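Working notes for the structure below.
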Amino acid sequence: MLQIAFIRENQEKVINALAKRNMDAKSIVEEVVQLDEKRRATQVELDGILSESNKLSKDIGELMKSGEKSKAAILKEKTVLNKEKSKKLAENADVLAASLLEKLYTLPNLPADIVPVGKTPEENLNVFEEGEIPVLHEGAQPHWELVKKYDIIDFELGVKITGAGFPVYKGKGAKLQRALINYFLDKNTAAGYNEVQVPHMVNEASAYGTGQLPDKEGQMYHDKTDDLYLIPTAEVPVTNLFRDVILNENELPVLTTAYTPCFRREAGSYGAHVRGLNRLHQFDKVEIVRVEHPDKSYEALDGMVEHVKSILQELKLPYRILRLCGGDMGFTSALTYDFEVFSTAQDRWLEISSVSNFETFQANRLKLRFKDKDGKNQLAHTLNGSALALPRVLAGILENYQTPEGIVIPEVLRSYCGFDIIN
């Protein structure tokens with residue numbers, strides 16, 4: 001959430017920055033500022049009456065002590081009137097504050113200066129590419145055919161048990177999935193990330209804290225009875241570990257990693273581009289989250305990008321890195337790099353990771369702060385990234401490592417799997 005003081009003092013800057021997201025924010029920014037002015041004026045009036053009431057109480061006490069009861073009675077009548085006024089003003093202030101917060105929730109984060117202008121994914125900027133695209137043998141197949149051939153993932157069985165988008169992993173497919181999770185976690189912890197296990201359901205406050213609500217309400221599975229949400233990513237519970245926390249500056253940075261299943265409704269996702277593992281309602285992902293000093297968050301972002309690169313280099317998968325344009329960035333992000341692996345059998349790039357800096361956007365919602373050297377509380381910066389999302393990594397391995405004899409396991413995973421080939 002954008003800070004109201006910043007919006008108030010930088011209206012044109014906010015409007016121009018959100019234009020990079022192809023958003024005409026002029027009217028809502030003006031409305032936010034007007035609501036804030038009314039709220040502050042109401043609060044000033046309320047504070048004045050409360051201050052006057054406190055003084056009257058002292059004066060009444062003094063008059064009663066001196067025996068001037070008639071004068072005290074007059075002041076008591078005034079305190080009754082002040083009490084009624086203050087009650088109405090407090091109610092009005094609460095209504096204005098709620099309206100202001102509701103409006104602030106609709107404003108996305110401001111894009112960083114280096115975010116490219118653009119409306120569609122085609123306008124994202126390719127900033128890095130590495131790895132040779134393998135030449136497959138004649139008769140090579142996409143992963144949804146390979147998993148049938150080797151009986152390692154059963155999509156139809158998942159439909160029987162739950163519905164489309166909930167696959168069943170079997171045999172060497174299940175072991176390869178577990179191997180990837182363990183490998184990713186080991187890479188992350190070796191890089192200094194502290195592993196945690198977190199709940200797979202969160203409350204409304206947590207979903208608001210990281211910006212999933214109200215922006216992505218329709219994409220989340222919601223249990224109305226207990227008012228809990230299945231997590232769309234480990235980012236939500238992991239970042240909320242720090243909600244309402246004040247860290248000391250010397251505790252920064254805080255590095256955390258977690259494996260969780262993720263749940264997304266993905267309403268309206270149809271067509272060949274979402275076949276097989278390309279788009280699921282339940283999938284596994286290993287996440288990295290950082291809480292950083294504002295002066296060091298972009299250096300940390302670069303480090304996260306390098307970390308994900310090192311994983312893909314060890315897996316020996318061809319990949320590229322895109323700097324997302326304003327129109328393709330997530331609601332909460334100030335700057336995002338997407339990693340895509342090339343699926344040779346599908347002849348297309350598949351997104352496998354997003355690494356983002358949210359600056360103070362999430363921290364403002366979370367009230368995540370640190371005490372600086374002067375003892376003042378400052379908002380921290382939060383960052384997160386997939387390291388990595390499993391379905392499309394798995395699809396890339398199955399398709400790019402296929403041979404006439406079977407699917408060769410990447411060398412770095414063989415000790416985790418306990419086998420060298422799926423055949």
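Residue numbers start at 1 and run along the sequence shown. Since this is a predicted model, take the numbers as computed values, not measurements.
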Asp338: partners by side-chain hydrogen bond (donor to acceptor under 3.5 Å, both in side chains), with sequence neighbours left out: Ser354

Please list all pairs meeting side-chain hydrogen bond (donor to acceptor under 3.5 Å, both in side chains) that have one or both residues in residues 246-255, counting only residues at least two apart or in different chains. Glu249-His293

Rounded to the nearest 0.5 Å, how far apart are OG1 of Thr382 and CD of Glu235? 7.5 Å

Run the side-chain hydrogen bond (donor to acceptor under 3.5 Å, both in side chains) test against Gln313 and tell me which residues pass, sequence neighbours left out. Glu130

For a 4.5 angstrom cut-off between non-hydrogen side-chain atoms, does Leu350 reach Asn278? yes

Please walk me through it: do Leu255 and Asn194 pass side chain to side chain contact (heavy atoms under 4.5 Å, CB included)? CA-CA 6 Å; Leu255 284 66; Asn194 180 47; over 6 Å; no

Interatomic spacing from OG1 in Thr256 to CG in Asn384 - rounded to 0.5 Å: 11.5 Å

Between Glu411 and Arg414 (salt bridge meaning N to carboxylate O under 4.0 Å), is one present in this structure? no

Distance alone, cut at 3.5 Å: any donor-acceptor contact between the side chains of Glu102 and Ser99? no

The salt bridge (charged side-chain N to carboxylate O under 4.0 Å, His left out) partners of Lys160 (sequence neighbours excluded) come to none

Sort and list the pairs that fulfil side-chain hydrogen bond (donor to acceptor under 3.5 Å, both in side chains) and have at least one residue in residues 6-19, not counting sequence neighbours. Arg8-Asp36

Considering all heavy atoms of both residues, which atom of Leu107 and which atom of Ile7 are nearest to each other, and what is their separation? CD1-CD1, 4.0 Å

Could you walk me through whether Lys149 and Gln402 pass side chain to side chain contact (heavy atoms under 4.5 Å, CB included), step by step? CA-CA 12 Å; Lys149 179 179 180 180; Gln402 64 179 302; over 6 Å; no

Are the side chain of Lys187 and the backbone N or O of His307 linked by a donor-acceptor pair below 3.5 Å? no

Determine whether Lys309 and Phe339 make a side-chain contact, defined as any pair of heavy atoms from C-beta on separated by less than 4.5 Å. yes

Is a donor on one side and an acceptor on the other found under 3.5 Å between the side chain of Thr162 and the backbone of Val159? no

Within the distance-only criterion (no hydrogens, no angle test), does the side chain of Arg392 pair as donor or acceptor with the backbone N or O of Ile352 below 3.5 angstrom? no

Can you find a side-chain donor-acceptor pair between Asn203 and Ser206 that sits under 3.5 Å? yes

Is there side-chain contact between Ile49 and Ser53, with heavy atoms separated by less than 4.5 Å? yes

Within the side chain of Asn22, is there an N or O that forms a donor-acceptor pair under 3.5 Å with the backbone of Gly118? yes

List the residues meeting salt bridge (charged side-chain N to carboxylate O under 4.0 Å, His left out) with Lys26, not counting sequence neighbours, and say none if there are none. Glu30

Measure the shortest side-chain to side-chain distance between Phe358 and Arg365 over non-hydrogen atoms and say whether it is less than 4.5 angstrom. no

Determine whether Lys216 and Arg264 make a side-chain contact, defined as any pair of heavy atoms from C-beta on separated by less than 4.5 Å. no

For residues 92-135, which residue pairs pass the ring pair (Phe, Tyr, Trp, His ring centres under 6.0 Å) check, not counting sequence neighbours? Tyr105-Tyr208

Closest non-hydrogen atoms of Val308 and Ala387, given as atom of the first, atom of the second and distance, are CG2-CB, 4.4 Å

Minimum heavy-atom separation for Pro232 and Phe283, please, with both atom names. O-CZ, 4.3 Å

Distance to the ring centre below 6.0 angstrom and angle to the axis at most 45 degrees; does that hold for Lys175 and Phe419? no

For residues Pro167 and Trp144, determine if any side-chain heavy atom of one lies less than 4.5 Å from a side-chain heavy atom of the other. no

Side chain Glu287, main chain Ala258, donor-acceptor under 3.5 Å: no

Apply side chain to side chain contact (heavy atoms under 4.5 Å, CB included) to residues Asn182 and Tyr259 and explain how you reach the verdict. CA-CA 9 Å; Asn182 288 336; Tyr259 152 71; over 6 Å; no

Sequence neighbours left out, what passes side-chain hydrogen bond (donor to acceptor under 3.5 Å, both in side chains) with Tyr229? Give chain and number order. none

Side chain Ser51, main chain Asp47, donor-acceptor under 3.5 Å: no

Any side-chain heavy-atom pair from Leu335 and Glu359 closer than 4.5 angstrom? no

Inspect the surroundings of CG in Asp374 and state if more than 12 heavy atoms from other residues, nucleotides or ligands are less than 6.0 Å away. yes

Which pairs, with at least one residue in residues 85-98 and sequence neighbours excluded, count as a side-chain hydrogen bond (donor to acceptor under 3.5 Å, both in side chains)? none

With distance as the sole test, does Lys285 use its side chain to make a donor-acceptor pair with the main-chain N or O of Cys262 at under 3.5 Å? no

Here the gap from Met304 atom CE to Asp302 atom CG, rounded to the nearest 0.5 Å, amounts to 11.0 Å

Roughly how far, to the nearest 0.5 Å, is the CE atom of Met1 from the CG atom of Leu366? 9.5 Å

Residues which pass salt bridge (charged side-chain N to carboxylate O under 4.0 Å, His left out) with Arg320, listed by chain and number, not counting sequence neighbours: Glu340

Any side-chain heavy-atom pair from Leu2 and Asn109 closer than 4.5 angstrom? yes

With a 3.5 Å distance limit and no angle check, can you tell me whether Glu123 reaches the backbone of Thr120 through a side-chain donor-acceptor pair? yes

Got a second to check how far Leu110's CG is from Ile15's CD1, nearest 0.5 Å? 11.0 Å

In terms of heavy-atom contacts, Pro108 and Phe361 come closest through C-CE1, 3.6 Å

Evaluate the criterion side chain to side chain contact (heavy atoms under 4.5 Å, CB included) for residue pair Val286 and Thr257; output intermediate values, then yes/no. CA-CA 7 Å; Val286 176; Thr257 186; 3.7 Å; yes

With no hydrogens and no angle check, do the side chains of Arg290 and Tyr193 hold a donor and an acceptor under 3.5 Å apart? yes

Distance check, rounded to the nearest 0.5 Å: Ile231 atom CD1 versus Gln212 atom CD? 10.0 Å

By the ring pair (Phe, Tyr, Trp, His ring centres under 6.0 Å) test, which pairs, at least two apart or in different chains, include something from residues 389-409? none

For Cys325 against Asn124, the heavy-atom pair lying closest together: N-OD1, 2.8 Å

Does Glu399 have any side-chain hydrogen bond (donor to acceptor under 3.5 Å, both in side chains) partners at least two apart in sequence or in another chain, and if so, which? His143, Ser343, Gln346

Taking all non-hydrogen atoms of both residues into account, name the closest pair between Asp328 and Pro121 and its distance. OD1-CG, 3.7 Å

Test side chain to side chain contact (heavy atoms under 4.5 Å, CB included) applied to Ile407 and Ile421, Asn423, Leu398, the passing residue: Leu398

